[in-house]
Protein chains: 2
Amino acid sequence: MAVKIHNNNFKHVGRIIHFHRKKAGLSRIDLAMVAGVGKTVIYDIEHGKETVRINTLLKILNALNITMLLDGPIMENFTESEDAKS
Amino acid sequence: MAVKIHNNNFKHVGRIIHFHRKKAGLSRIDLAMVAGVGKTVIYDIEHGKETVRINTLLKILNALNITMLLDGPIMENFTESEDAKS
DNA sequence: GACAAAATGCCGCAATAGCGGTAATAAAGA
DNA sequence: TCTTTATTACCGCTATTGCGGCATTTTGTC
């Protein structure tokens, strides 16, 4: 049951990260250390900041074992195409 | 068949966007207009830039009808929790 | 309650994302 | 082929992110 993210409900991302961080028993500083980012950006995201950089967000999600996925009607066409090859 | 995104394979995002843009028969300027962003950032993303802002990326994905998802082992616990409520 | 330790809130600054403008390149038509 | 038009590449500048530092607040122990 993955969670859809779009610009309207972006606050969910902050809630998801907060939820996972607490479940893992980590302070913001702990998570910042593990993820390799500053603590401020975790504060910002948990407070719903939408203008975070994607690589920063991915580091945090990765540290919390959360996966980001992209999907859509013609994604199959892409994965089968040559473009998808590394 | 959604595509997993992490910091290692981020170039995929650029390829996915390029693929979808071409399928839709849009120039970068067209897509920039529809998404409500500058054309430069589309150029950047398609060239693998990892330091794009998440809201900017979401605008572009939305314009191309691509969905972003977050998933993980304990995501159920979140969606069932009070935190998930709008 | 008093104190200590941990966690959170937030400020100022350096680094840089994303914008429009324009040059370079590619595509299309005569 | 030669022009015209569309698309892509990239530069310089301004606005903004994300950082460490520090004040504040919360949590835990006696």
Side-chain angles (χ1 to χ4, degrees), chain A residues 5-66 68 70 74 78 81-84, chain B residues 5-66 68 70 74 78 81-84:
Chain A
I5 305 301
H6 33 295
N7 270 315
N8 300 338
N9 75 342
F10 194 81
K11 284 180 183 298
H12 276 306
V13 177
R15 294 202 189 95
I16 289 169
I17 287 174
H18 181 83
F19 181 85
H20 280 72
R21 177 170 70 80
K22 286 301 184 186
K23 281 282 183 197
L26 298 171
S27 71
R28 286 189 189 145
I29 294 176
D30 294 336
L31 178 55
M33 293 281 296
V34 174
V37 301
K39 56 195 156 56
T40 309
V41 75
I42 294 174
Y43 169 83
D44 288 339
I45 293 175
E46 290 192 359
H47 281 255
K49 186 179 192 179
E50 299 181 19
T51 54
V52 181
R53 294 176 202 172
I54 181 72
N55 63 330
T56 302
L57 179 59
L58 283 171
K59 285 183 203 168
I60 296 167
L61 294 177
N62 186 54
L64 292 171
N65 200 25
I66 301 171
M68 178 179 288
L70 295 186
I74 63 168
F78 170 76
S81 75
E82 279 306 307
D83 303 327
Chain B
I5 304 300
H6 34 295
N7 271 315
N8 301 337
N9 76 341
F10 193 80
K11 284 180 184 297
H12 276 305
V13 177
R15 294 201 190 94
I16 290 170
I17 287 174
H18 181 83
F19 181 85
H20 280 72
R21 177 170 70 80
K22 286 302 182 185
K23 280 283 184 198
L26 298 171
S27 70
R28 288 189 187 144
I29 293 176
D30 294 335
L31 178 54
M33 294 281 296
V34 174
V37 302
K39 57 196 157 57
T40 308
V41 75
I42 294 173
Y43 169 83
D44 288 340
I45 293 175
E46 290 192 359
H47 280 254
K49 186 179 192 179
E50 300 182 18
T51 55
V52 181
R53 293 174 203 170
I54 182 72
N55 63 329
T56 302
L57 179 59
L58 282 171
K59 285 184 203 167
I60 296 167
L61 295 177
N62 186 53
L64 292 171
N65 200 25
I66 302 171
M68 177 178 289
L70 296 186
I74 62 170
F78 170 75
S81 75
E82 280 306 307
D83 303 326

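Each chain gets a letter, A, B and so on, in the order its sequence line appears, and its residues count up from 1. Reckoned from all heavy atoms, side chains included, excluding hydrogens, waters and symmetry mates.
- Contacts of B:Lys49 classified as salt bridge (Lys or Arg N to Asp or Glu O under 4.0 Å), with partners at least two apart in sequence or in another chain: B:Asp44.
- Once you apply a 4.0 Å limit to the heavy atoms of chain B, the touched nucleotides of DNA chain D run 5' to 3' over D:dT7 to D:dT17.
- Listed in residue order, the members of residues 46-54 of chain A having a heavy atom less than 4.0 Å from DNA chain C are A:His47, A:Arg53.
- Protein chain B contacts DNA chain C over a range whose 5' and 3' limits, counting nucleotides with an atom under 4.0 angstrom from a non-hydrogen atom, are C:dA17 to C:dT22.
- A:Ile54 has its side chain out of reach of B:Arg53: every pair of non-hydrogen atoms, C-beta onward, lies at least 4.5 Å apart.
- Taking B:Asn55 as the reference, nothing meets the side chain to side chain donor-acceptor pair (under 3.5 Å) condition, with sequence neighbours excluded.
- Contacts of B:Thr40 classified as side chain to side chain donor-acceptor pair (under 3.5 Å), with partners at least two apart in sequence or in another chain: none.
- Sorted by residue number, the members of residues 31-39 of chain A with any non-hydrogen atom under 4.0 Å from DNA chain D read A:Val37, A:Gly38, A:Lys39.
- Remark: A:Arg28 engages A:Glu46 in a salt bridge (Lys or Arg N to Asp or Glu O under 4.0 Å) (not counting sequence neighbours).
- Comparing the start and finish of the helix from C:dG1-D:dC30 to C:dA30-D:dT1, five pairs each, the helix axis swings through 50°, to the nearest 10 degrees.
- For A:Thr51, there are no side chain to side chain donor-acceptor pair (under 3.5 Å) partners two or more places apart in sequence or in a different chain.
- Taking the side chain to side chain donor-acceptor pair (under 3.5 Å) definition, one finds that A:Asn9 meets it with nothing, sequence neighbours left out.
- Scored by the ring-ring contact (aromatic ring centres under 6.0 Å, His included) test, B:His6 finds no partners at all (sequence neighbours excluded).
- Under a 3.5 Å cut-off, the side chain of A:Asp30 and the backbone N or O of A:Ser27 do form a donor-acceptor pair.
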